[in-house]
There are 2 protein chains.
Amino acid sequence: MKRKSLEAAPCPVARSLDVIGDWWSLLIVRDAFLGRRRFGEFQKSLGLSKNILTQRLRGLVDDGIMTQVPASDGSSYQEYALTPKGRDLHTVILALRQWGEDHCFDAEPCPTALVERATGKPVRRLTVQAEDGRPLGLGETMVVAPAG
Amino acid sequence: MKRKSLEAAPCPVARSLDVIGDWWSLLIVRDAFLGRRRFGEFQKSLGLSKNILTQRLRGLVDDGIMTQVPASDGSSYQEYALTPKGRDLHTVILALRQWGEDHCFDAEPCPTALVERATGKPVRRLTVQAEDGRPLGLGETMVVAPAG
DNA sequence: CCACTTGGTTCCATAATGCAACCACCTGGA
DNA sequence: TCCAGGTGGTTGCATTATGGAACCAAGTGG
């Protein structure tokens, strides 16, 4: 009776969620985007227990999303850094961020924003677009099996 | 010792994950995008047990992501349909899809693709962009607190 | 009116989570 | 050099969530 695995599912969404779909992994990745690299930083920031953090970090390393690297401050500790595969989660995190900004702050205003570092201007909103850039609504897309 | 709630977190990513960050909710939403509407359809497609599906659907309805509507075939059963809030998850699902296509099909080719219905051409790749459309790498963005 | 489908609920065993205590190694200062 | 504290974990145990199966009521089709 273990948790159902989706790793063999044909759908890429299911496979992604099988890897990063638990409660903490994406938050750890988000923290890594924010520059956090040390075990203690993640633990303090997320407020999760250390055994769970250990499990999750190990999972992220096993899945090639993060790697352990020597600490940048010269100490003999190790740090966790995103791999290219982990950095590719940027759009996933941004999509979640924009949805949360729109729908999870009913009363209060959302206290943070993602901006371009050079200009300080907010990042452009993600939209589903056709090949040529036309915006596509929900009914204008479909999922197909290319080489049935 | 219940699962830690992130609903009061200041970060919109955390709040999003608090709502849709469990193993099944986003997959149900994905199925809804694919046109599935009935309890039985979700259950057969996802292969999850009915009690869990009941819980998740109830949660999605409570959170305003889906609603129960009278069945479209005239029977007295009910169906589950996405609300506008649920439809806004389209970019989140697409981001997960693209990441999965890139990183979760090492050996085999990914068997499905999201295409524009009218043309059959694949949807454009999501990227993080500046206000004017320039692509932004990971180091070119930062999170700020607008009205500190 | 009766069999079958649909959409659940209930019960129970098992896995995941969270807290706290513990521990080894590293580091910095006296 | 020695020891206090920080870092990065592990272990044990209580509590929750998950998953499977059995059960059940209302709807539906013949």
Side-chain angles (χ1 to χ4, degrees), chain A residues 1-9 14 17-28 31-32 35-63 66-81, chain B residues 1-9 14 17-29 31-32 35-63 66-82:
Chain A
M1 273 164 221
K2 56 179 56 163
R3 188 210 281 130
K4 188 156 283 218
S5 168
L6 303 164
E7 95 187 292
L17 290 172
D18 190 62
V19 178
I20 47 150
D22 69 284
W23 274 97
W24 293 113
S25 295
L26 270 180
L27 286 171
I28 295 170
D31 266 22
R36 294 191 248 267
R37 306 169 62 85
R38 299 282 284 250
F39 186 96
E41 288 183 292
F42 292 121
Q43 205 234 326
K44 191 164 53 149
S45 153
L46 298 171
L48 84 174
S49 53
K50 300 203 282 181
N51 51 354
I52 304 294
L53 179 56
T54 301
Q55 277 180 37
R56 291 298 179 270
L57 285 171
R58 200 150 11 232
L60 289 169
V61 169
D62 288 348
D63 290 327
M66 305 189 84
T67 26
Q68 280 197 283
V69 298
S72 46
D73 62 359
S75 75
S76 71
Y77 293 113
Q78 295 236 283
E79 293 181 345
Y80 294 89
Chain B
M1 273 163 221
K2 56 178 55 162
R3 189 210 281 131
K4 187 154 286 215
S5 167
L6 303 165
E7 94 188 293
L17 289 173
D18 190 61
V19 178
I20 47 150
D22 68 284
W23 274 96
W24 293 113
S25 294
L26 270 180
L27 286 171
I28 295 170
V29 172
D31 266 23
R36 294 190 248 266
R37 307 168 63 84
R38 299 282 284 251
F39 186 95
E41 288 183 292
F42 292 121
Q43 204 232 327
K44 192 165 53 146
S45 152
L46 297 171
L48 84 174
S49 53
K50 300 203 282 181
N51 52 356
I52 304 293
L53 179 56
T54 302
Q55 277 181 37
R56 291 298 179 270
L57 284 171
R58 206 164 347 247
L60 289 169
V61 169
D62 288 349
D63 290 326
M66 304 188 85
T67 28
Q68 280 197 281
V69 299
S72 46
D73 62 357
S75 75
S76 72
Y77 292 114
Q78 296 236 285
E79 294 181 345
Y80 294 90
L82 290 166

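On a predicted model such as this, the values are computed, not experimentally measured, just so you know. Chain letters run A, B, ... following the sequence lines, proteins first and then strands; every chain starts at 1.
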Can you sort out which residues in residues 71-79 of chain A have a heavy atom within less than 4.0 Å of DNA chain C? Ascending by number, please.
->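 Going residue by residue through residues 71-79 of chain A, the ones with a heavy atom under 4.0 Å of DNA chain C turn out to be A:Ser75, A:Ser76, A:Tyr77.
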Between A:Glu41 and B:Gly47, who's closer to the 5' end of DNA chain D by nearest nucleotide?
->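 Result of the comparison: A:Glu41.
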What are the two closest non-hydrogen atoms of B:Ser45 and B:Asp31, and how far apart are they?
->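 Of all heavy-atom pairs spanning B:Ser45 and B:Asp31, the closest is OG-OD2, 2.5 Å.
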Considering all heavy atoms, the nearest A:Ala81-A:Val69 contact =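 In terms of heavy atoms, the two residues are closest at CB-CG2, 4.2 Å.
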Gap between atoms [atom1] and [atom2], on [X] and [N] respectively (whole Å):
{"X": "A:Leu53", "N": "C:dC19", "atom1": "CG", "atom2": "P", "answer": "13 Å"}
{"X": "B:Leu48", "N": "D:dA17", "atom1": "CG", "atom2": "P", "answer": "16 Å"}
{"X": "B:Lys44", "N": "C:dT5", "atom1": "NZ", "atom2": "P", "answer": "12 Å"}
{"X": "A:Arg56", "N": "D:dG9", "atom1": "CZ", "atom2": "C1'", "answer": "16 Å"}

Given side chains that start at C-beta, do those of [X] and [Y] come closer than 4.5 Å, heavy atoms only?
{"X": "A:Gln55", "Y": "A:Asp22", "result": "no"}
{"X": "B:Arg36", "Y": "B:Leu46", "result": "no"}
{"X": "B:Met66", "Y": "B:Leu57", "result": "yes"}
{"X": "B:Arg56", "Y": "B:Trp23", "result": "no"}
{"X": "B:Leu53", "Y": "B:Trp24", "result": "no"}
{"X": "B:Phe42", "Y": "B:Leu27", "result": "no"}

Taking it one step at a time, do A:Tyr80 and A:Arg38 satisfy side chain to side chain contact (heavy atoms under 4.5 Å, CB included)?
-> CA-CA 6 Å; A:Tyr80 294 89; A:Arg38 299 282 284 250; over 6 Å; no
What's touching nucleotides 9-12 of chain C from the protein side, N or O pairs under 3.5 Å?
| unit_1 | atom_1 | unit_2 | atom_2 | d |
| --- | --- | --- | --- | --- |
| C:dT9 | OP1 | B:Arg58 | NH2 | 3.2 |
| C:dT9 | OP2 | B:Arg58 | NH2 | 3.0 |

Specify the residue among B:Arg38 and A:Asp22 whose closest nucleotide of DNA chain C lies further upstream toward the 5′ end.
->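 The residue whose closest nucleotide sits nearer the 5' end is B:Arg38.
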Is the distance from OP1 or OP2 of C:dG18 to the nearest side-chain N or O of A:Trp24 less than 4.0 Å?
->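 Answer is yes, contact under 4.0 Å.
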Under 4.0 Å: is that the gap between some side-chain N or O of B:Tyr80 and OP1 or OP2 of C:dT6?
->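 No, no such contact exists.
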From D:dT7, D:dG20, C:dT17, pick the nucleotide closest to the side chain of A:Ile52?
->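 Closest nucleotide among those given: C:dT17.
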Tell me what B:Phe42 touches on the nucleic acid: a base, only sugar-phosphate, or nothing, going by heavy atoms under 4.0 Å.
->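 The answer is nothing, as B:Phe42 stays clear of every strand by at least 4.0 Å.
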Between the side chain of A:Glu41 and the main-chain N/O of A:Arg37, is any donor-acceptor distance below 3.5 Å?
->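 Present.
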Without swapping roles, check the side chain of A:Gln43 against the backbone of A:Leu48 for a donor-acceptor pair under 3.5 Å.
->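 Side chain of A:Gln43 to backbone of A:Leu48, a donor-acceptor pair under 3.5 Å: yes, one is there.
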Hey, what bend do you get for the helix from C:dC1-D:dG30 to C:dA30-D:dT1 if you fit axes on five pairs at each end, rounded to 10°?
->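 The two end axes of the helix from C:dC1-D:dG30 to C:dA30-D:dT1 meet at 20°.
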